[in-house]
Every structure is written in structure tokens, then in C-alpha cells.
Asks: 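The structure is given below, and queries will be raised subsequently.
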Amino acid sequence: MIRNSRWLSGPVALLALLAHPALAQQATLGVAAPLSGPYETLGRQFVEGVRAGAPGLSITERDTPCTPEGGRDTALAFIAADITLAVGFLCTPSAEAALPALADAGVATMVVGARSTRLTDVRRGQERYVWRLAPRPEGEAQALAAAIADLWPGLPFGIVEDGSVRARSLADELRAALTLRGMEPTLVDNYRPAEDRQFALARRIAQSGLTRIVALGSVADTAIILRDAASLNIDLAVLGGENLIDETGEPPLPDGVRAIAPKGFAVADADAAAPRREGYFLDGEAAGQIAASAIDAAPSPGAALSGQTFDTAAGPVRFGPDGESGMPRYEIVEWLDGRFVVQPEG
């Protein structure tokens, strides 16, 4: 991991510029997002949003593909381009790889998407260079617990997860949040991910007698679980977290699957004619608006991010002393006709 960017001076910086001729032109705002790979759709939604929120800024886009290598390459490119402010980094691996070099170079960075708590940690005596426009890591579990209490008050439910570190951690956080509400799942189970069939899990759910499941696995695995359960005449109501906000494939998610998503992630209603300004578009638009205001502020974007309230399409945003915005809040969305839409009130 790069800890000191000052070695970029001299021949190395020249090589970086020659490898990326477009970077030789002065850029103001660096936008880092996955523009290839499985998260490309979300990354392009974000970039479109940034451009809508900051139409007057010169923008340099970089593809991070949610990998450490993509994060490191992006950091080097932004430093070589002498950008003023960086926004994006939707995934934790790319953010963790990029931020040390960007901070060492004094590049203010607004993380949008990556949840790791340590991203905004600053050691005593250090100046802050990182701010986060996203919920804190514990926010997802708390939002899920609130959604369970809202959707299934007093009703039995289970939690199934795919055995990954993230899913196990989220399941533990969710159970802790539920305990504070006096709630406890009837079933907690896990399964092997990326399998063609999930009949064993479907049968275990059937034996428990449950019809309500919190699914903490990929959208593909969740769709397979629902397909196999339906073939056994098991009608499941499913609630997921941000794990379900992803590209769908085969089999498709059935209508009625719910998830919690950052406020504004889905379109406002289920009208098929409504503009598809969805996914990470709103986060991108808010990030662009904040970036435009911060870059115009004196004496530096970092000073503005630490002390200014920003009016954005997602609502007012003010970063706390810890670099956290506390925004956006979560809301319940529902899968209908091939897209997630906001769950109607009540």
C-alpha cells in the first residue's frame, strides 16, 4: 500500500502523464467509480449524477472496478492530474487502497458508498482529508431492524445468510439491533453461495414453518432460493439489505421482494414513464453539488467540507467532526416490474 506520494515527482510523474495523456490537462474534480465489471451499472449511475450536480466543473473519471488495484491506479492518476477534490469510491477495497496515497498528497476525498469504519479514522495530530457521504457501517443493520418492526410487527421471521464475512457480520449486527427492540429471529441459518439449487435451505425453512425471511446474500442466490421455495409450494416474503441492490440475472427476482436502500436510491414511484434517475444517481448528484460548492469555497475544499452546510438534491448535508455526514437515511424499496421502487407509506 502506498504511504508516501511524494515519490511521484520527477520521472515517475512524467510516466504517469504519458500513460494517460488526458491527465496532462488540468482537472478540477476526480470521479472514482466502477465503470467495468459487475458494478458497472451503479458506477455509471453515479458518474451521471455527478455530472448533473456539477455541470460547470472539469471532471476526470477513473474506473476502480471495486478492486484494490483499481483504487491504487486511480489514486496515482488523480495525484498526477493535480486534481482539487476526489469523489466516489463506491466499494471498500478500492477506497482502502486509494485513500492513503490521496491523503499523503493532500487531496481532499469524499467517499460515497464504501462503508468501512476505518476509512474516516484520523490519527491524532493528522489533518482530515477524508469525508463520507454514506451511512456508517452500523446503519444498514439498524435500518433492517426498523424495517422488520415496521413490516412484520410481532410476527415470526428468520435470517439466512451466505456465510461470507460481510453477511455474517451484518447478521450479528442485525440480531443485536433486534435485541434492543425486544425482537428475536425464530431461525438463523446459512447456505453455500453460488449454487445452482438451494432446495436444502428451502426445505429447512419449510420445516421451521416460517414464511418471512431476511435474506443476507447476493441477489442471484436470493432469486434461486425463492425459485426453489416456490417449486415446493413455499410462499416466502423476503426482506434484504443493500445486498439485493445489484444487477439481476437468471432466475429473476419475483415481484414483491423488499430491501432497504439509501434514501433516493430508487425512483420516486412505480410509474414506468418516470425518469430512471435511480441507483447511485442521487448520491452522485448530491456529491457533485457538494463538490461544486466546496471547490468554489475558500480557502480549500477540505475547509468547506469540515464547516459548511450544503443544500443538495438529497437534502441538506453537513459533515461532523468525524467526517461522517449521517446521510442518506434508508427507506424500504420493493421489486416491481424489473426495478426497485419506493415502498408506499403504510
Side-chain angles (χ1 to χ4, degrees), residues 140-163 166-168 170-191 193 195 197-263 265-267 269-270 330-346:
E140 184 177 7
Q142 293 169 355
L144 272 170
I148 293 167
D150 180 45
L151 295 172
W152 305 330
L155 300 174
F157 64 93
I159 299 173
V160 298
E161 46 94 355
D162 65 7
R166 182 187 185 281
R168 289 199 305 268
L170 180 56
D172 290 342
E173 292 170 0
L174 174 56
R175 294 182 70 181
L178 288 167
T179 298
L180 294 177
R181 292 174 174 267
M183 304 171 68
E184 184 71 24
T186 302
L187 170 74
V188 178
D189 205 338
N190 58 59
Y191 60 90
E195 296 287 319
R197 295 175 177 81
Q198 293 290 351
F199 284 106
L201 176 63
R203 291 190 184 98
R204 293 198 298 272
I205 294 172
Q207 290 168 359
S208 73
L210 293 173
T211 58
R212 302 168 193 85
I213 294 295
V214 180
L216 305 181
S218 73
V219 63
D221 286 337
T222 302
I224 290 171
I225 292 168
L226 285 168
R227 179 201 63 192
D228 293 350
S231 73
L232 298 174
N233 296 317
I234 306 167
D235 186 16
L236 293 179
V238 168
L239 172 69
E242 293 183 87
N243 52 293
L244 296 187
I245 310 299
D246 199 352
E247 287 292 289
T248 59
E250 292 295 332
L253 278 179
D255 284 354
V257 171
R258 295 185 176 111
I260 58 103
K263 189 175 179 63
F265 192 95
V267 294
D269 55 48
Y330 284 98
E331 60 190 353
I332 300 172
V333 296
E334 184 173 352
W335 186 258
L336 292 172
D337 298 325
R339 67 198 298 203
F340 275 111
V341 298
V342 175
Q343 175 72 36
E345 292 292 333

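Residue numbers run from 1 in the order of the sequence given.
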Asks: Would you say that Leu244 contacts Val257 through its side chain, given a criterion of any heavy-atom pair below 4.5 Å between the two side chains?
Replies: yes
Asks: Taking all atoms of both residues into account, what is the closest heavy-atom pair of Ala223 and Pro252, and its distance?
Replies: CB-O, 3.9 Å
Asks: Please name the pair of heavy atoms, one in Ala202 and one in Leu232, separated by the smallest distance, quoted to 0.1 Å.
Replies: CB-CD1, 4.0 Å
Asks: Going by heavy atoms in the side chains, are Asp337 and Asp255 under 4.5 Å from each other?
Replies: yes
Asks: Is there a donor-acceptor pair closer than 3.5 Å between any side-chain N or O of Asp228 and the backbone N or O of Gln198?
Replies: yes
Asks: Let me confirm one number: the CG-CD distance from Leu180 to Gln142, rounded to the nearest 0.5 Å.
Replies: 9.0 Å
Asks: Calculate, to the nearest 0.5 Å, the distance between atoms OG1 and CD1 belonging to Thr211 and Ile234 respectively.
Replies: 10.5 Å
Asks: What distance do Leu239 atom CG and Leu144 atom CG have between them, rounded to the nearest 0.5 Å?
Replies: 5.5 Å
Asks: If I take atom CD from residue Glu334 and atom CG from residue Leu151, how far apart are they, to the nearest 0.5 angstrom?
Replies: 9.5 Å
Asks: Work out which heavy atom in Asn243 is nearest to a heavy atom in Gly240; give both atom names and the distance.
Replies: OD1-C, 4.0 Å
Asks: When you compare the side chain of Pro185 with that of Leu178, does any pair of heavy atoms fall below 4.5 Å?
Replies: yes
Asks: Does any part of the side chain of Ile213, heavy atoms only, come nearer than 4.5 Å to the side chain of Phe157, both counted from C-beta?
Replies: no
Asks: Holding to side chain to side chain donor-acceptor pair (under 3.5 Å), I want the full list of residues that pass it with Ser218, two or more places apart in sequence or in another chain.
Replies: Asp221
Asks: Is a donor on one side and an acceptor on the other found under 3.5 Å between the side chain of Glu161 and the backbone of Gly163?
Replies: yes
Asks: Apply side-chain contact (heavy atoms from CB on, under 4.5 Å) to residues Trp152 and Val214 and explain how you reach the verdict.
Replies: CA-CA 11 Å; Trp152 305 330; Val214 180; 3.9 Å; yes
Asks: Using every non-hydrogen atom in the two residues, find where Pro156 and Arg212 come nearest and quote the distance to one decimal.
Replies: O-NH1, 3.5 Å
Asks: For Glu140, is there an ion pair with Arg166 - N to carboxylate O distance below 4.0 angstrom?
Replies: yes
Asks: Any heavy-atom pair between the side chains of Tyr191 and Ile225 that's under 4.5 Å?
Replies: yes
Asks: Test side-chain contact (heavy atoms from CB on, under 4.5 Å) on Ile224 and Glu195 and set out the steps.
Replies: CA-CA 8 Å; Ile224 290 171; Glu195 296 287 319; over 6 Å; no
Asks: Distance check, rounded to the nearest 0.5 Å: Arg258 atom CZ versus Phe340 atom CZ?
Replies: 11.5 Å
Asks: When rounded to the nearest 0.5 angstrom, what is the spacing between CG in Leu210 and CG in Asp189?
Replies: 10.5 Å
Asks: Please assess Leu201 against Arg203 for the test side-chain contact (heavy atoms from CB on, under 4.5 Å), listing each intermediate value before the final yes or no.
Replies: CA-CA 5 Å; Leu201 176 63; Arg203 291 190 184 98; over 6 Å; no
Asks: Heavy-atom distance under 4.5 Å between the side chains of Met183 and Arg181, does that happen here?
Replies: yes
Asks: Could you go through the side-chain contact (heavy atoms from CB on, under 4.5 Å) check for Arg197 and Arg227 one step at a time?
Replies: CA-CA 9 Å; Arg197 295 175 177 81; Arg227 179 201 63 192; 4.2 Å; yes
Asks: In the structure I gave you, are the side-chain heavy atoms of Leu174 and Ile148 within less than 4.5 Å of one another anywhere?
Replies: yes
Asks: Look at the side chain of Trp335 and the backbone N and O of Pro254, then say whether any donor-acceptor pair between them is shorter than 3.5 Å.
Replies: no
Asks: Do you know the tightest heavy-atom contact between Ala259 and Gly241?
Replies: CB-O, 3.8 Å
Asks: Closest approach of Ala147 and Ile260, non-hydrogen atoms and distance?
Replies: CB-CG2, 3.7 Å
Asks: Do Leu216 and Asp162 make a side-chain contact, defined as non-hydrogen atoms from C-beta onward lying under 4.5 Å apart?
Replies: no
